[in-house]
Amino acid sequence: MLTWPPPQIPRLPGRGGPIRVRDTSTGELVVAATGHTATVYVCGITPYDATHLGHAATYIAFDLLVRSWRDAGHSVRHASNVTDVDDPLLERALATGVDWRDLAIEQTALFAEDMTALGVIPPDVYTGAVESVFTVAQAVRDLLAAGAAYRVEEPDGTGHGRGDVYADLSVDPDLGQVAGLDRDEMLALFAERGGDPARAGKRDPLDPLLWRRERPGEPSWDGGELGSGRPGWHIECAVIARDGLGLPFDVQGGGVDLRFPHHEMSTSHARLLDSGQGARLHMHAGMVGLDGEKMSKSRGNLVLVSRLRALGENPMAIRLAILAHHYASDWEWTDADLERARARLDRWQRAVSGNGGPDATATLAAVRTALSTDLDAPAALAAVDAWAEDALRADGTASTAIGAPGVVARTVNALLGVRL
Ligand code: 5CA
Ligand code: ZN
């Protein structure tokens, strides 16, 4: 898939140190990258509705990781997907009388516009579910051949030996390592988040779908010996990550609603495909809520990035409003977030437009330290606030370091993605 244009990233003096993040599987703060090339897979959107602030917050969280890695001298390889064929997309298309392909194309384009406006660096590998159908089908055939998957026949035998294919979780002793849930918790979340625990014929209620046979009125592709159909969701991300980054890779991420079953299952599939490891660690962004509930397309309680932009909001104020919350915490969006962000943006802009300002060496170091400690953006903002306050107080007086405003503007741009 086509991505969006990358933002310019100014160079900074010196270099940042190792980036530590909290691995949500273990709760430990760990160095996120293991080698010179740092690799991350960030689950992409399901394009049936426009980007809301929850999506934006999740993508900005991983954008901070990419920016800090680059600043630390890593070469970064970042892969992402677009779930451009899936149940919710097909349901929305049917309900609104739009072709599912047109809906996906339109919403994927709007997402790209939103990401461009918000200064999010595009992924290096960007693969749609539709583009990857045949490689995913091959992976499902591989799992069947390896005895890690099985077919579930329709009760009336219409599958002709080619029923839906499910992963057999019993062959994966490491299942459960990502989310660390007990079985009851897994069953409850599986049912809530698109799983089908009650499907007759499965070996275990938790076994996830790998290949869904063609149903009347649904799009389908030739799966060879699988019969015509379409891939399940978790296997798509496992295969797109494997093909885009190689296995194992450093970080798999998304919002915390993906921790189980999506990341648990996709990691399990990746492990079995490669008889090894999927992601080395997982990072999850907290949920942004509105009026006491998680902001979600299915609930419809959304503040859309494109709507705020259409109202003339500066996308950098939107970005700053998001950065004022630590990525891993759950928080509620209110209009006051945006008001505070506008005021901050204004203060920072005034502070960097002076001739000189307090020396910025410590500010750059503080921003780097904050971000290298589990991407603590609020602490980074506080460091810039302190510099801006001094700069505005000192405005018109002597004792200022020539060039300091430029260093701060470049720091804020390169590391926080905020163009002043
Ligand atoms: N296409 C799949 C992933 S493969 C998907 O979950 N798509 S999505 O459009 O529903 O969500 C895109 C990303 O936004 C996911 O990482 C999801 O966890 C995150 N997200 C969704 N709602 C929120 C929210 N309210 N707050 C924070 N992040 C959210
Ligand atoms: Zn995914």
Side-chain angles (χ1 to χ4, degrees), residues 3 6-7 9-44 58-81 120-127 132 135 139 174 177-178 236-254 258-259 263-264 266-285 327-328 364-365 367-377 380 414-417:
T3 56
I9 305 194
R11 286 179 63 89
L12 294 176
R15 181 174 274 194
I19 310 305
R20 290 186 171 75
V21 298
R22 195 157 311 278
D23 179 357
T24 49
S25 313
T26 60
E28 305 283 320
L29 204 57
V30 289
V31 174
T34 43
H36 173 69
T37 301
T39 47
V40 58
Y41 182 82
V42 182
C43 280
T58 291
Y59 294 111
I60 286 174
F62 290 94
D63 188 54
L64 290 181
L65 175 66
V66 169
R67 286 169 183 272
S68 278
W69 265 345
R70 287 167 67 140
D71 182 56
H74 290 287
S75 147
V76 178
R77 197 161 165 81
H78 167 196
S80 193
N81 69 311
V120 173
I121 301 173
D124 307 295
V125 177
Y126 195 42
T127 311
S132 62
T135 39
D174 291 328
Q177 284 187 356
V178 171
E236 275 165 13
C237 280
V239 170
I240 293 172
R242 177 197 68 181
D243 294 348
L245 302 175
L247 295 176
F249 55 98
D250 290 317
V251 176
Q252 176 158 18
L258 298 186
R259 193 168 173 221
H263 289 167
E264 189 76 63
S266 60
T267 302
S268 171
H269 298 335
R271 214 163 22 226
L272 295 175
L273 280 171
D274 197 50
S275 14
Q277 200 181 4
R280 291 192 184 91
L281 68 93
H282 285 84
M283 280 174 67
H284 291 108
Y327 81 88
L364 170 57
V367 170
R368 278 184 167 139
T369 303
L371 292 173
S372 65
T373 316
D374 201 21
L375 308 177
D376 190 348
L415 296 178
L416 296 169

* N/O donor-acceptor pair under 3.5 Å between S372 side chain and T369 backbone -> yes
* Structure fact -> When rounded to the nearest 0.5 Å, the distance separating CD of E264 from NE2 of H269 is 10.5 Å
* Shortest non-hydrogen contact from A380 toward V367 -> O-CG2, 3.9 Å
* Verdict with reasoning, V120 to V66, per side chain to side chain contact (heavy atoms under 4.5 Å, CB included) -> CA-CA 10 Å; V120 173; V66 169; over 6 Å; no
* To do: Mind running salt bridge (Lys or Arg N to Asp or Glu O under 4.0 Å) on R368 and D71 for me, showing each step along the way?
  => CA-CA 9 Å; R368 278 184 167 139; D71 182 56; 2.7 Å; yes
* Asked: Just by modelled atom types, is the R22 backbone N or O under 3.5 Å from a matching donor or acceptor in the E28 side chain?
  -> no
* Asked: Any donor and acceptor pair, going by atom type alone, linking the side chain of N81 with main-chain N or O of G44 inside 3.5 Å?
  -> yes
* Got a donor-acceptor contact below 3.5 angstrom from the S80 side chain to the V42 backbone? -> yes
* Asked: Do side-chain atoms of D376 reach the backbone of L371 as a donor and acceptor pair under 3.5 angstrom?
  -> no
* Roughly how far, to the nearest 0.5 Å, is the CD atom of Q177 from the OG1 atom of T267? -> 9.5 Å
* Asked: Residues two or more places apart in sequence or in another chain: which of them pass ring pair (Phe, Tyr, Trp, His ring centres under 6.0 Å) with H284?
  -> H263
* Structure fact -> Correct closest heavy-atom pair for A238 and S266 would be CB-O, 3.4 Å
* Nearest heavy atoms of A270 and L247, plus distance in Å -> O-CD1, 3.6 Å
* Please test Q252 against C43 for side chain to side chain contact (heavy atoms under 4.5 Å, CB included), starting from the C-alpha separation and ending with a verdict. => CA-CA 8 Å; Q252 176 158 18; C43 280; 4.1 Å; yes
* Check: H78 and F62 side chains under 4.5 Å, non-hydrogen atoms -> no
* Asked: Between T37, T34, T39, which is the residue that forms a side chain to side chain contact (heavy atoms under 4.5 Å, CB included) with F249?
  -> T39
* To do: Give, for atom CD1 of I19 and atom CG of D250, the distance between the pair rounded to the nearest 0.5 Å.
  => 12.5 Å
* **OH-CD1 distance between Y126 and I240, expressed to the nearest 0.5 angstrom** => 11.0 Å
* CZ (R280) with more than 12 external heavy atoms under 6.0 Å -> yes
* To do: Check the pair D243 / T127 against side chain to side chain contact (heavy atoms under 4.5 Å, CB included), numbers first and verdict last.
  => CA-CA 10 Å; D243 294 348; T127 311; over 6 Å; no
* Keeping the roles fixed (side chain from R259, backbone from T24), state whether a donor-acceptor pair exists under 3.5 Å. => yes
* Is there a side-chain contact between W69 and V251, using heavy atoms and a 4.5 Å cut-off? -> yes
* Could you check R271 against D174 for side chain to side chain contact (heavy atoms under 4.5 Å, CB included), going step by step and ending with a plain yes or no? => CA-CA 9 Å; R271 214 163 22 226; D174 291 328; 3.5 Å; yes
* Rounded distance (nearest 0.5 Å) linking atom CG of L415 with atom CD1 of I9 -> 9.0 Å
* **D23 (side chain) donor-acceptor with S25 (main chain) under 3.5 angstrom** => yes
* Test item: R77 side-chain N/O and V125 main-chain N/O as donor-acceptor pair under 3.5 Å -> no
* Taking it one step at a time, do D63 and R67 satisfy salt bridge (Lys or Arg N to Asp or Glu O under 4.0 Å)? -> CA-CA 6 Å; D63 188 54; R67 286 169 183 272; 2.8 Å; yes
* Find out whether L364 and P13 are in side-chain contact, i.e. whether some heavy atom of one side chain is under 4.5 Å from a heavy atom of the other. => yes
* From Y41 OH over to H282 NE2, what is the distance, rounded to the nearest 0.5 angstrom? -> 11.5 Å
* **Close side-chain approach of P7 to P122, heavy-atom, < 4.5 Å** => yes
